[in-house]
Amino acid sequence: MRAAARAFGARWRDRVAASDPGLLRLAAGLRTVGAIALTLAVLSLLGADVSHLVAGAIASMVATFAVREKQRGRQAVTLALGLPVALASVSLAALLSSRTVAGDFFFIALIFCAVYGRRFGDRGTALGLIGFQVYFMALFVGVGTSSLPGYLGVVAVAFACSATARFLLVPQTPSGILERLRQAFRARLAQLLDAQLDLLDADQDDAEKALGQVREGTARLHETAMMIQGRLAEGTPDETTARLVQRRIADAEIAAERLGLLLLTARSAERADTLTLHLPGAPLPEATRLPVRDEALDTLRHDLRALRLLVRHPVEAGSGTVLSQMRNRLLGYREEENLPQGRPPVQDVFRGVGETARAVLGLRIALDGPQDESGDSPETARSREELDAEDAAIGGAEEDEAPAAGDTGLRRPTTRAAVQVAVGSSLAILGGELLSAHRWYWAVLTCWIVFINTSSTGEILVKGYRRLLGTVLGVVAGIVLTGLVGHHTWTAFAVVLLCVFAMFYTAPLSYTLMSFFVTAALGVLYTLLHTYSLSVLVLRVEETALGAACGIVAAALVLPVRTDRRTNELLATVLERLRGVTEAAVEQLSGAPPVDLLEQARDLDQALADLRAATQPLTHPVTPLRSRRDTARYVVALLETCAYHARSLAATAELLPTHPSIAADPRLRRAGARILHNIGAIDARVADERSTAEVLAGPSVAALLKPGVPGTPRYGRVTDRVLRHLQRLDEAVVGLARPLGAPVAAPK
């Protein structure tokens with residue numbers, strides 16, 4: 001019974017860790033709710049009325065979510081600087097409450113400064129948010145000059161409670177976050193192996209669903225790897241440890257993705273295309289009929305389950321011999337003589353299982369240090385020696401990069417956004433006051449929010465639509481909740497706290513859901529302030545629609561950044577980094593001195609993530625331009641395929657200085673030359689449609705090289721291992737030419 005309970009608890013923890021990597025959303029929700037609850041408790045003990053309680057709840061929420069720095073010391077400084085900003089903001093709101101015109105002009109100036117402050121990093125963004133949101137809070141609760149001293153005290157209490165919740169109640173350290181992200185990586189890796197095993201056994205009717213789960217698992221594993229990359233500098237004691245963890249995470253991610261491709265090929269009539277894992281809706285390769293009884297397949301299923309078990313319960317001192325024996329058997333598949341008899345594609349999967357087991361072993365050593373080696377087989381001992389040699393080779397300082405020259409003046413993104421939101425807010429104030437002389441600020445708030453974390457007109461349009469939809473649904477929920485809680489103050493605050501937690505927990509997942517919970521909470525707050533009515537909630541929808549429209553108009557007419565221009569800029573960045581990673585990897589594989597390739601590969605991944613986010617307006621389900629949507633999805637999927645092969649090349653090149661069984665091959669430089677030329681030609685076409693640079697199509701990359709040494713094991717030489725990645729990368733790059741309009745030269 002206890003064993004079953006422990007197993008259930010482990011599965012539940014894995015699901016939570018995988019769905020919320022690092023528990024970042026959970027911590028954000030608990031920290032904000034804790035700050036609000038503590039503020040309400042303190043203020044109630046001081047005898048505050050409902051208006052002051054509402055103001056304190058809003059102020060503590062703002063003080064908590066606005067601070068985004070990763071280091072605790074920087075968080076404390078920003079919070080300390082935010083208090084005088086908040087006090088000044090609420091004071092000016094009170095002093096200008098009776099001066100409508102002056103108050104409107106100041107509000108517009110405050111909005112401009114708040115958005116412009118984004119150019120100064122996380123601290124500038126936080127202080128801008130605090131200044132704007134506290135001013136909004138003062139308008140919401142109606143702070144006047146006579147009541148100002150009491151509200152100043154409320155803001156001070158709210159900031160003190162926010163600091164208490166951040167540093168004492170729900171503390172988070174960079175090292176702790178990194179440790180939870182590591183656990184999430186393991187959980188997501190295990191979930192991906194589950195999905196791959198389901199894909200192997202799925203019949204033709206369920207295969208598409210199984211492939212979709214593999215795609216989702218692969219993408220989520222990559223997402224967690226990127227999150228870990230962003231936390232390494234603060235969460236590890238030194239640069240060498242950070243680079244070691246980075247390498248092992250990259251190895252495990254690449255090995256798991258390669259294993260998925262090998263499984264696709266094993267169940268298909270022909271070799272699976274890498275694009276199948278990256279393009280939603282891509283057809284599953286035609287399946288061959290897998291034997292009902294096949295010893296090799298039965299062994300493969302058993303070994304995939306064993307690999308999943310090793311990921312969830314890595315071998316460690318005192319864990320017994322069963323896991324050690326599993327690990328030894330799986331690592332033995334790296335030796336050709338240990339492969340079970342079977343079809344070549346199935347044998348490839350066994351090789352992939354061995355490589356993934358090695359990556360899991362390296363990940364365990366990097367994260368938890370050395371383990372008991374008494375039960376090692378010769379194959380396991382060899383894998384440990386390889387990993388130790390690779391670890392010893394890691395070191396050296398990274399080269400400092402010169403800061404890139406960015407846009408200046410009105411072309412600088414923060415300046416442009418500040419001008420746009422100031423114009424949009426001016427329109428929102430004028431229109432909002434026509435709708436309501438007392439609640440016009442809802443239109444301004446919406447206009448402000450749709451500009452946060454957006455860079456193009458299309459992104460603002462999509463965000464405005466999502467906010468309006470969430471608001472409409474939230475109004476309905478607010479009516480229901482208001483009827484349930486009535487005028488019971490503490491019941492209403494409890495409902496508000498639940499909505500706030502849900503708002504922060506769902507914010508990274510769905511902007512519509514976040515807007516829904518915000519609006520539902522506001523309906524309850526209006527009840528507490530005795531200003532609730534159905535007309536007020538309807539007005540909230542009208543003001544939201546007006547604010548979104550004003551934001552869209554300002555974005556479209558004032559210094560507009562079209563979605564095409566934004567995506568082209570990001571696409572050029574992706575192509576530039578893809579070319580850089582590929583060139584550096586090929587050079588190192590050809591014998592050039594080693595460089596930090598994995599860092600370059602992660603820069604490519606980050607650029608691709610930015611491009612994926614920027615194409616959301618083009619790929620949104622409601623877009624009327626269906627062919628354009630399909631083209632954008634196809635291009636992003638091809639680039640994800642290119643990034644996967646570039647990561648694999650980089651990871652293989654990093655092994656060269658220490659791996660005993662592979663060596664540099666100068667012939668690879670010739671094989672990579674055409675790929676680099678084609679990436680440059682496509683980049684030139686993206687930058688200038690008049691470019692005449694042609695993409696070169698020709699014989700396969702393998703044909704550019706002389707045959708390898710007869711009898712060489714398939715995974716034994718760097719040339720044999722790398723050629724597949726170069727070939728697939730070449731095909732994917734040539735495939736980009738058609739949707740991007742680059743001319744392709746006829747093969748000679």
Side-chain angles (χ1 to χ4, degrees), residues 36 39-40 43-44 46-63 85-111 129-159 425 428-449 478 482 487 489 492-493 496 500 518-519 521-544 546-547:
I36 296 174
T39 302
L40 293 176
L43 291 177
S44 63
L46 295 176
D49 60 20
V50 172
S51 296
H52 287 84
L53 291 175
V54 171
I58 296 175
S60 61
M61 181 178 69
V62 172
V85 170
L87 295 176
S89 184
V90 72
S91 299
L92 288 169
L95 294 174
L96 296 174
S97 60
S98 59
R99 298 173 176 84
T100 304
V101 176
D104 290 348
F105 276 108
F106 175 78
F107 202 13
I108 294 171
L110 176 62
I111 291 170
L129 273 171
I130 290 172
F132 172 82
Q133 295 284 6
V134 171
Y135 194 94
F136 168 82
M137 177 272 293
L139 296 176
F140 180 71
V141 298
V143 178
T145 52
S146 60
S147 60
L148 177 60
Y151 283 104
L152 292 177
V154 166
V155 171
V157 169
F159 270 73
S425 298
I429 289 174
L430 293 175
E433 289 188 342
L434 291 177
L435 287 175
S436 171
H438 301 289
R439 294 186 175 87
W440 53 269
Y441 44 78
W442 286 121
V444 181
L445 178 68
T446 300
C447 182
W448 149 276
I449 287 178
T482 299
H487 294 282
T489 301
F493 273 122
V496 169
V500 168
V518 168
T519 306
L522 286 173
V524 179
L525 288 179
Y526 276 131
T527 302
L528 292 175
L529 294 173
H530 304 289
T531 56
Y532 169 80
S533 68
L534 183 59
S535 61
V536 168
L537 293 181
V538 172
L539 178 64
R540 160 87 168 135
V541 174
E542 294 172 346
E543 296 279 4
T544 298
L546 175 65

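None of the values given here were measured: they were computed from a predicted structure. Throughout, numbering of the chain's residues begins at 1 and tracks the sequence.
Note that CG of Leu92 is 11.0 Å distant from OG of Ser97, once rounded to the nearest 0.5 Å. Between atom CG of residue Leu546 and atom OG1 of residue Thr446 there is a gap of 8.5 Å, rounded to the nearest 0.5 Å. Separating the CG atom in Leu53 from the OG1 atom in Thr39 is a distance of 10.0 Å, to the nearest 0.5 Å. Rounding to the nearest 0.5 Å places CG of Leu46 at 8.0 Å from OG of Ser44. Going from atom CG of Leu445 over to atom CZ of Phe140 covers 10.5 Å, rounded to the nearest 0.5 Å. Rounding to the nearest 0.5 Å places OG of Ser91 at 4.5 Å from CG of Leu148.
Across every non-hydrogen atom of Arg540 and Thr519, the tightest pair is NH2-OG1, 3.3 Å. Nearest approach of Ser425 to Ile111, heavy atoms of both residues: OG-CD1, 3.4 Å. Minimum interatomic distance between Ile130 and Val62 (heavy atoms only, all atoms of both residues): CA-CG1, 3.9 Å. Considering every non-hydrogen atom in both Val496 and Ala521, the closest pair reads CG2-O, 4.0 Å. When all heavy atoms of Ala57 and Leu40 are compared, the closest pair comes out as CB-CD2, 4.3 Å. Nearest heavy atoms, Ser51 versus Val141: O-CG1, 4.2 Å.
Taking the six-membered ring where tryptophan is involved, the planes of His52 and Tyr151 are essentially parallel, since the angle between them stays under 30° and well short of 60°. Ring orientation note: the planes of Phe132 and Phe107 are close to parallel, at an angle under 30° on the 30°/60° scale.
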Going through the checks in order, is the side-chain contact (heavy atoms from CB on, under 4.5 Å) test met by Glu543 and Val444?
CA-CA 8 Å; Glu543 296 279 4; Val444 181; over 6 Å; no
Just do the side-chain contact (heavy atoms from CB on, under 4.5 Å) check on Leu522 and Trp442 with the steps written out, would you?
CA-CA 11 Å; Leu522 286 173; Trp442 286 121; 3.2 Å; yes
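Aromatic rings from Trp448 and Tyr441 are positioned such that their centres are separated by 6.0 Å or more.
Checked by atom type and distance alone, the side chain of Ser436 never pairs as donor or acceptor with a backbone atom of Glu433 at under 3.5 Å. Looking only at distances, a side-chain donor or acceptor of Thr482 sits under 3.5 Å from a matching main-chain atom of Gly478. With Ser89 contributing its side chain and Tyr135 its backbone, the two residues share a donor-acceptor pair below 3.5 Å. In this structure, the side chain of Ser60 does not engage the main chain of Ala158 through any donor-acceptor pair within 3.5 Å.
Considering only residues two or more places apart in sequence or on other chains, Ser146 meets the side chain to side chain donor-acceptor pair (under 3.5 Å) condition with none of them.
For the pair Leu430/Trp440, no side-chain contact is recorded, criterion being any heavy-atom separation below 4.5 Å from C-beta on.
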